[in-house]
Number of protein chains: 2
Amino acid sequence: MAQVLVVPRVRLNRDRVLQAAVGLADQAGIEALSMRRLAEELGVVPMALYKHVANKDELLDGMVEVIVAEIDPPAPDTEWKAAVRLRVLSARQMLLRHPWARSVLESRTTHTPAVLDYLESTIGMFLAGGFSADLTHHVMHALGSRMWGFTQELFDASADPARPPVDPAVQAARMQAMAERYPHILQISTAAAHDDSVVAHGCDDRFEFEFALDLLLDGFERLHVSGWSSSPVTRTA
Amino acid sequence: MAQVLVVPRVRLNRDRVLQAAVGLADQAGIEALSMRRLAEELGVVPMALYKHVANKDELLDGMVEVIVAEIDPPAPDTEWKAAVRLRVLSARQMLLRHPWARSVLESRTTHTPAVLDYLESTIGMFLAGGFSADLTHHVMHALGSRMWGFTQELFDASADPARPPVDPAVQAARMQAMAERYPHILQISTAAAHDDSVVAHGCDDRFEFEFALDLLLDGFERLHVSGWSSSPVTRTA
DNA sequence: ACCTGAACACCGTTCAAGT
DNA sequence: ACCTGAACACCGTTCAAGT
């Protein structure tokens, strides 16, 4: 009759599993997320998870649902360019909160409802702005992974904190070798106004992200106002 | 004295290990590439590999070296825009030969010599075209993973061939449900001139790739001729 | 110098069993 | 209906040993 007392303090359910998985990935990294470790975190035996997610792939899909739902909803009464810009920058904020999300989003090919909702409303912004379905199609491809807030790191900005500190003399010698073999890389590394230090220091991601995003948005606008359309003739090449 | 006869038919070396790894990934997929399976393919015990690569991470770095070296060298005596365009399209050809390369290139953060050489010569094209180091810096970020030939798939073009064929009636019902819940997605899927079938059929990747690439290159050109420079004032936001 | 064998500490997932 | 325990077929990598 004391049976009720021995059930787990909180009954497991799909949402609790997904939240714990996101939390674990945030905190320990995506490579540390295993079914076994996640089960341990939830105080449960590994096989208990399989009543709530079919397998690890479905777990990852569920995690994507959770984080994509964190992206701000579309701003109402906003013209297309500002609306897309705001939305994409919101996606980027989400991505910064979940560093593992980039690789997981890229590895997933299945489209869960939250992902489809995000695509649907982003496409809707261009259509509402008067873009043809044709142009919108190509524009979505061109926007590409940038629509998820992805930014390109040319060099790894954050060195592994677990790595031993580098001797300044060694560092200087390395820079010297870089300068000889890769003069152009060194030139643009030190050129950016926001970063007068060395390659290893990384760039202002936000500036780089907005630079590329606005370049694309301006390009889309130019095509739109000029009445661009994909011509079958030029496409046979 | 017959000792020479019992050594492996072909002595293992780093290059043979890397070539076999690339071949295995090409043929069986990156998820099938394990140290154990690779060793088996080479007719050797798993631990034999560790004399030639330090660990699996270094194996992946080595594989990147092999495939990046396959990208065509820069075309001589070519103005920047055509030169960059040719190079990037060559990278894309390499990527099509090695479908696993995308995820591996994205997961790597270390820069091996072949990767640095590729960056160096691409940067050199912009500088030779008269771009400032400042603009070139941002342009390289904006080009982003497209410089490796990456294209964005909005929907998974190629369905898993191992999956059972879908009943046409089921397929039609799915399309109906899609049309109701995601009308915009359906609209742009059917709109592109080159693809009048359904979402599942995928797009003309080459057209989409060149569309986005040329949009970026045209944008770069416009900034260049207008004497663009990153202003510290606008960057404090 | 290069390869081997056995072992360790992990994986995802199955199956049959418990309550 | 939900959780458990034992087992299977894998991983990457170590260490000490062989030739």
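All heavy atoms count here, side chains included; hydrogens, waters and symmetry mates do not. To find a chain, count down the sequence lines: A is the first, B the second, and so on, and within it residues start at 1.
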Between [X] ([atom1]) and [N] ([atom2]), how many Å, whole number?
{"X": "B:Glu40", "N": "D:dC10", "atom1": "CD", "atom2": "P", "answer": "10 Å"}
{"X": "B:His52", "N": "D:dG12", "atom1": "NE2", "atom2": "C1'", "answer": "18 Å"}
{"X": "B:Arg11", "N": "C:dC3", "atom1": "CZ", "atom2": "C1'", "answer": "9 Å"}
{"X": "B:Leu59", "N": "D:dG12", "atom1": "CG", "atom2": "P", "answer": "10 Å"}

Sugar-phosphate only, base, or nothing, as touched by A:Met35 at under 4.0 Å among non-hydrogen atoms: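 Since only primed, P, OP1 and OP2 atoms lie under 4.0 Å of A:Met35, the category is sugar-phosphate.
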Touch class at under 4.0 angstrom, heavy-atom based, for A:Lys51 against every strand present: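 Result for A:Lys51 = base.
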Watson-Crick or G-U wobble mate for D:dT14, both contacts under 3.5 Å: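 C:dA6 - that is the nucleotide pairing with D:dT14, both distances being under 3.5 Å.
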Nucleotide opposite C:dT19 in a Watson-Crick or G-U pair, distances under 3.5 Å: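 For C:dT19, the partner nucleotide comes out as D:dA1, under the 3.5 Å rule.
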Side chain of A:Arg36 (C-beta onward), nearest among D:dC11, D:dA7, D:dC3: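 Minimum distance to the A:Arg36 side chain belongs to D:dA7.
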B:Lys56 side-chain proximity, nearest of C:dG12, D:dG12, C:dC2: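 Closest of the options to the side chain of B:Lys56: D:dG12.
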Any side-chain donor near an acceptor of the partner, B:His98 and B:Glu70, under 3.5 Å: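 Indeed, the side chains of B:His98 and B:Glu70 share at least one donor-acceptor pair under 3.5 Å.
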Polar side chain donor-acceptor pair, A:Arg102 to A:Ser145, under 3.5 angstrom: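 The criterion, which ignores hydrogens and geometry beyond distance, is not satisfied for A:Ser145 and A:Arg102.
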CA sep, side-chain torsions, deciding dist, call: B:Arg97, B:Asp26, salt bridge (charged side-chain N to carboxylate O under 4.0 Å, His left out): CA-CA 8 Å; B:Arg97 287 194 298 272; B:Asp26 284 348; over 6 Å; no
Validation row, ring centre B:His138 to ring centre A:Phe207 under 6.0 Å: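 So the answer is yes for these two rings.
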Residue closer to the 5' end of DNA chain C, A:Met47 versus A:Arg37 (nearest nucleotide):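 Nearest-nucleotide comparison on DNA chain C picks A:Arg37.
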